[in-house]
Amino acid sequence: MSEKIAERYEDSLLYRIRHSCAHIMAQAVLEFYPGTKYTIGPAIENGFYYDFDLPQPITQEDLEKIEKRMRQIIAGNHNFIRKVVTAEEARQIFKDQPYKLELIDGLEQGAFDEDGNPLTEKPEISIYQHDTFIDLCRGPHVENTRQINPAAVKLMSIAGAYWRGDEKNKMLTRIYGTAWHTPEELQAYLKMLEEAKARDHRKLGKELEIFIFEDEVGPGLPLWLPRGGVIIEELEKLAKEMEEQAGYLRVRTPHLTKEDLFLRSGHLPYYAESMYPPMEIEGVRYYVKPMNCPMHHKIYASKPRSYRDLPIRLAEYGTCYRYEKSGELFGLMRVRSMQMNDAHIYCTEEQFEQEFLGVIELYKKYFEIFGIQKYVMRLSLHGKAGLGKKYVDNERLWLKTEEMVRRALHNGGIPFVEAEDEAAFYGPKVDVQIWSAIGREFTLATNQVDFAVPARFDLKYMSKDGVEETPLCIHRAPLSTHERMVGFLLEHYAGNFPVWLSPEQTRVIPITDKQNEYAEQIVRHLRAEGIRASADLSAQRMNAKIREAQLMKVPYMLIVGENEAQAGTVSLRVRDGSRQDNIRLGDFIARAKDRIAHRSPEL
RNA sequence: GCCGACGUAGCUCAAUCGGCAGAGCAACCGCCUUGUAAGUGGUAGGUUACGGGUUCGAUUCCCGUCGUCGGCUCCA
């Protein structure tokens, strides 16, 4: 391969254009709103932002005038001039800017950069000036504003953002913008955003009648419509098949448990805030479960276990409830009621690697079925500072387990990235990040090691040597929750589900009402063959029926007129627009059954 | 939870400055009997999210609640 290593974004001209736009925007904002305190304004993916502490709220309309002023500044062909200063000089320059002074303190101590990230060595303090605006900034920037095309810059939105990303701090006003090399690139980007809107799972979910939210039911509590129900049934069928083959045992547990169980598991002190509040009956407090593990632990403990029994893999599509904060809810992706593709694998330390990689193999099989090509395994580790607070206080075990996972991934040839301070409270985890077709990134699958909770439940097995040992536990959810999975799949397929997942696989369309009976007969045949089918017997014309089926993204339409009824055939119209006339019903059935049986992406 | 915007018929969206709330699609009742993305006529459909206030009069202005959206924070 003679491919050159791609230029780092941070080194690119586009990055400098965006970073410089952030400064230019800050200048404009300061001109319009004297007394504004400015904080930080970096380039980000697709654009830039700047966070301000404004003396007054601003609105969407204000963005237009700020944008206009930015264009004027850009047209002024100003140089960006870098200068290295001492901390004292910097304090003098920014004496009226408290946020900047705080940043200077951080830089001087060498502890933090302007984003609040810890630094290893003491940085130089530099400032950048263009026109009348001076900012404390590491750079880099364009040399001159003429390198920015004013027609390729656009301000996008206003949002709140906490100073230094900490919710205890003041909320600032953030303005987002986007900038590109050329106006054409900007237009292409805006068009991409438009298209993304069209395949947003919330929009598709409504149009395709998959799910709804109802005010009277409550926020974050989706109602699955019949078509959504079908998709869920199919996903469960898939999971059960795969898990059965992989040696999982299915269990079932209640939605409620006594408080004691979550005290024992250690979840309550860590997660009480994101659990629904307890209900009390007969003097005992009960919680709706936010996860299934404690109950699975109880099932493990229901009888004595020998090393010969291990690994034990307990699986359940468990229904859980989590009190996500109101602002965190997001369509199906973040909800308050969810059904998890959950399982807990109890194993010995020796078995760990094989079991762990077994789970990852399972992921990969799923990815293949769904045609997921881009994913990143992310190993989340503990953070030293969080020991005893966010994390179980046993550094030795953390390091040991993290090394076990790392080794397992290496030995399995699984590429991964590491993330400090993002583990679960009971152990390291491997999350799988994927990207939906509209570029929305999220965590789908998760695979967590638990070295802490089994001991709390006093889980044991009798080892070969006749001594009691505590098993390790792997928590895993390759298909995430039904909610997140269906949300992802909607965007991934843009609603064009493969045949096996399509809520309605076939719609039979009689051309006139004289063929209604023939159509119904076909539906009976198809159903007997295990193909989901319905007939459109409405009084509309054929064209309208086709249009409707097409909009509902039904993969197969069987159009039947007088000719077909006479000959006992159908005219097949496929969702992609292709058609085959006069085919025997049996041939169609064979085709559909083949696609369904193989969970094929082909139509 | 925090900052900001928004909430009109089942759906998508109108309604000038505060002056009788409207359209398309869907639904329902007809007519048309139809060949691969909307045939046609009619009927019905509303406490303008909810509660309060200002006003002769509020979808419109103000306050509160609920919900949604864009972000921030968070995500066992």
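On a predicted model such as this, the values are computed, not experimentally measured, just so you know. Here is how names work: the chains are called A, B, and so on, in the same order as the sequence lines, proteins then strands, and each is numbered from 1.
With respect to A/Glu194 and A/Lys197, a salt bridge is recorded, a charged nitrogen being found less than 4.0 Å from a carboxylate O.
In terms of position along RNA chain B, the nucleotide closest to A/Gln580 lies nearer the 5' end than the nucleotide closest to the other residue of the pair A/Tyr321 and A/Gln580. Mapped onto RNA chain B by nearest heavy atom, A/Asp215 and A/Ala423 fall at different nucleotides, with A/Asp215 at the one closer to the 5' end.
The nucleotide B/G7 finds its pairing partner in B/C66, both defining distances of the Watson-Crick or G-U wobble pair being shorter than 3.5 Å. Look at B/C17: it lacks any Watson-Crick or wobble partner with both distances under 3.5 angstrom. Shown here, B/U47 forms no base pair; nothing in the strands shown gives a Watson-Crick or G-U wobble contact with both key distances under 3.5 Å. Checking B/G39 for Watson-Crick or G-U wobble geometry (two distances, each under 3.5 Å) identifies B/C31 as its partner. Using Watson-Crick or G-U wobble geometry with both donor-acceptor distances under 3.5 Å, B/C2 finds its partner in B/G71. In this structure B/C61 sits in a base pair with B/G53, meeting the Watson-Crick or G-U test at under 3.5 Å.
Between the base of B/A5 and the side chain of A/Thr59 there is no donor-acceptor pair shorter than 3.5 Å.
Remark: A/Arg547 is not in phosphate contact with B/A26, judged by side-chain N or O atoms under 4.0 Å from OP1 or OP2. Using a 4.0 Å cut-off, no side-chain N or O of A/Thr173 falls inside it from OP1 or OP2 of B/C3. Checking the phosphate oxygens (OP1, OP2) of B/C69, a side-chain nitrogen or oxygen of A/Arg202 falls inside 4.0 Å. Between B/A76 and A/Lys429, a contact under 4.0 Å exists linking OP1 or OP2 to a side-chain N or O. The side chain of A/Arg322 places no N or O atom within less than 4.0 Å of a non-bridging phosphate oxygen (OP1 or OP2) of B/C74. Close to B/C3, at under 4.0 Å from its OP1 or OP2, lies no side-chain N or O of A/Tyr176. Here A/Lys514 does not reach the OP1 or OP2 of B/U34: none of its side-chain N or O atoms lies under 4.0 Å away.
By the 5.5 angstrom centroid cut-off and the 30-degree plane limit, A/Tyr270 is classified as not stacked against the base of B/A76.
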